[in-house]
2 protein chains.
Amino acid sequence: MELCTLRSFIAVAKLKSFSAAARELHIVQPAISRQIASLEEELGVSLFWRNTREVKITAAGEVLLVEAHAMIALEGRAKEYTQRAARGQAGNLRIGYISSACSGFIPTLVRAYAQRYPHVAISLQDLTVEQQLDAFDKEVLT
Amino acid sequence: MELCTLRSFIAVAKLKSFSAAARELHIVQPAISRQIASLEEELGVSLFWRNTREVKITAAGEVLLVEAHAMIALEGRAKEYTQRAARGQAGNLRIGYISSACSGFIPTLVRAYAQRYPHVAISLQDLTVEQQLDAFDKEVLT
DNA sequence: CCAGTTTACGGACACCGTAAAAATC
DNA sequence: GATTTTTACGGTGTCCGTAAACTGG
């Protein structure tokens with residue numbers, strides 16, 4: 001099962017037509033036929049009942065449709081979160097600091113950052129200078 | 001982004017090695033290299049930091065890993081639910097009955113069925129014979 | 001050097017697009 | 001008979017596998 005196949009499946013379910021789905025996806029209609037057929041074969045399940053006049057989704061197709069939508073949505077989220085993480089706007093931000101030296105402004109800084117980048121998990125650690133250097137050694141990032 | 005690519009990505013992340021992932025997936029190692037590279041190119045994001053000695057996932061890679069696992073899990077669920085639905089063990093079961101004729105055993109039947117197939121949404125409708133025939137006409141299933 | 005990743009290259013398989021056939025109204 | 005799906009077929013593109021080059025310890 002691949003996402004491109006599911007996209008075709010969703011289009012057919014939405015438009016109730018193989019040819020209309022093909023137009024929407026900018027491919028030819030036999031390609032849609034083949035993709036749906038192979039998906040049905042892979043699952044061993046009939047997803048649409050169709051003849052030359054109408055296309056009707058089956059009960060099993062309805063079930064798959066819900067899951068397919070979820071998977072496509074998840075794909076978009078995965079892409080977005082990953083790219084956001086790469087820009088430093090998500091992931092984990094671990095801050096080692098010396099409490100005595102900067103007890104005042106760290107909370108303000110962290111609060112502002114957290115508000116701006118809500119997807120970042122932040123952890124604060126009160127470390128000595130030696131501990132900080134050691135931590136850097138152990139976990140060097142790109 | 002395709003699921004087969006994500007499977008390779010997950011294998012590399014798990015084993016921290018391109019060649020080990022290749023062995024696990026029964027393909028050759030250059031294929032893994034290409035898939036990861038194309039995934040990184042598609043996202044515009046570096047997913048692993050690697051040299052000939054070690055493979056280390058990046059922060060962005062960690063984020064994608066979580067989503068990738070979710071997508072693969074969703075795929076399995078989609079397959080299972082769909083096949084279950086095709087066997088009549090999920091979906092919607094709508095029962096039209098005549099209350100006067102079988103007021104006694106319907107509840108027992110339904111309760112037993114619901115216990116056996118928890119994924120089925122059941123709705124009961126008290127219909128006359130004409131209404132039942134009409135309902136069949138309007139919503140013929142496979 | 002050695003183990004592992006990347007790059008280069010040749011070939012096979014899958015998938016698309018065109019075209020014809022089948023089917024349903 | 002017209003429209004839509006299915007099937008058949010030829011071709012191209014993608015992706016795999018083999019082999020060689022590169023990289024870092």
Side-chain angles (χ1 to χ4, degrees), chain A residues 1-58 60-61 64-65 68 75 137-142, chain B residues 1-58 60-61 64-65 68 75 137-142:
Chain A
M1 195 186 299
E2 290 302 325
L3 294 182
C4 55
T5 313
L6 292 179
R7 265 183 276 273
S8 296
F9 169 71
I10 289 175
V12 172
K14 185 179 73 175
L15 300 169
K16 302 184 199 311
S17 158
F18 283 50
S19 38
R23 281 190 293 273
E24 174 159 304
L25 298 176
H26 304 294
I27 57 177
V28 296
Q29 185 263 9
I32 298 282
S33 274
R34 286 189 296 260
Q35 288 185 15
I36 300 298
S38 72
L39 187 57
E40 289 178 321
E41 189 180 9
E42 177 186 349
L43 296 170
V45 165
S46 167
L47 297 171
F48 296 103
W49 175 89
R50 67 265 201 187
N51 58 25
T52 58
R53 258 315 177 216
E54 64 175 338
V55 172
K56 195 167 193 172
I57 195 166
T58 63
L64 181 60
L65 184 57
E75 181 204 8
D137 283 341
K138 281 189 182 156
E139 195 159 2
V140 176
L141 302 177
T142 50
Chain B
M1 193 187 300
E2 291 301 326
L3 294 181
C4 55
T5 312
L6 292 179
R7 266 183 275 273
S8 295
F9 168 71
I10 289 175
V12 172
K14 185 179 74 177
L15 299 169
K16 300 183 201 310
S17 158
F18 283 49
S19 39
R23 282 190 292 274
E24 173 158 305
L25 298 176
H26 304 295
I27 57 178
V28 295
Q29 185 263 7
I32 299 282
S33 274
R34 285 189 297 260
Q35 288 185 15
I36 299 297
S38 71
L39 187 57
E40 289 178 320
E41 188 179 10
E42 177 186 350
L43 296 171
V45 165
S46 166
L47 298 170
F48 296 102
W49 176 90
R50 66 265 205 187
N51 58 24
T52 58
R53 256 314 176 219
E54 64 176 339
V55 171
K56 195 165 194 174
I57 195 166
T58 63
L64 181 60
L65 184 58
E75 182 204 7
D137 282 343
K138 281 188 182 157
E139 197 161 359
V140 176
L141 302 177
T142 52

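Hydrogens, waters and symmetry mates are skipped; everything else that's a heavy atom, side chains included, is used. A, B, ... follow the sequence lines: proteins, then strands. Residue 1 opens every chain.
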Polar side-chain atom of B:Q35 near backbone of B:F9 as donor-acceptor pair, under 3.5 Å: no

Side-chain donor/acceptor of B:E40 to backbone N/O of B:L47, under 3.5 Å: yes

Closest-nucleotide 5' rank along DNA chain C - winner of B:K16 and A:Q29: B:K16

Residue met sooner reading DNA chain C from 5', once B:F18 and B:R34 are mapped to nucleotides: B:F18

Write down the distance between [atom1] ([X]) and [atom2] ([N]), rounded to a whole number of angstrom.
| X | N | atom1 | atom2 | value |
| --- | --- | --- | --- | --- |
| A:E54 | D:dT4 | CD | P | 13 Å |
| A:E2 | C:dC16 | CD | P | 13 Å |
| B:I36 | C:dT7 | CD1 | C1' | 17 Å |
| A:E41 | C:dA14 | CD | P | 12 Å |
| A:L25 | C:dC16 | CG | C1' | 14 Å |
| A:L39 | C:dC15 | CG | C1' | 16 Å |
| B:F48 | C:dT6 | CZ | C1' | 16 Å |
| A:W49 | C:dA23 | CH2 | C1' | 12 Å |

Distance below 4.0 Å between [X] side-chain N/O and [N] OP1 or OP2:
| X | N | value |
| --- | --- | --- |
| B:R53 | C:dT5 | no |
| B:R50 | C:dT6 | yes |
| A:N51 | C:dC25 | yes |

Under 4.0 Å, heavy atoms only, any strand: does [X] hit a base, just the sugar-phosphate, or nothing?
| X | result |
| --- | --- |
| B:I32 | nothing |
| B:S33 | base |
| B:Q35 | sugar-phosphate |

Close side-chain approach of A:L64 and A:V45, heavy atoms under 4.5 Å: no

Nearest-neighbour nucleotide for the A:A31 side chain, D:dT18, C:dT5, C:dG17 considered: C:dG17

For B:L39 against B:M1, the heavy-atom pair lying closest together: CD1-CG, 4.2 Å

Exceeds 12 heavy-atom contacts within 6.0 angstrom, atom CD of B:E54: yes

Check: A:T52 side chain, D:dT5 base, donor-acceptor under 3.5 Å: no

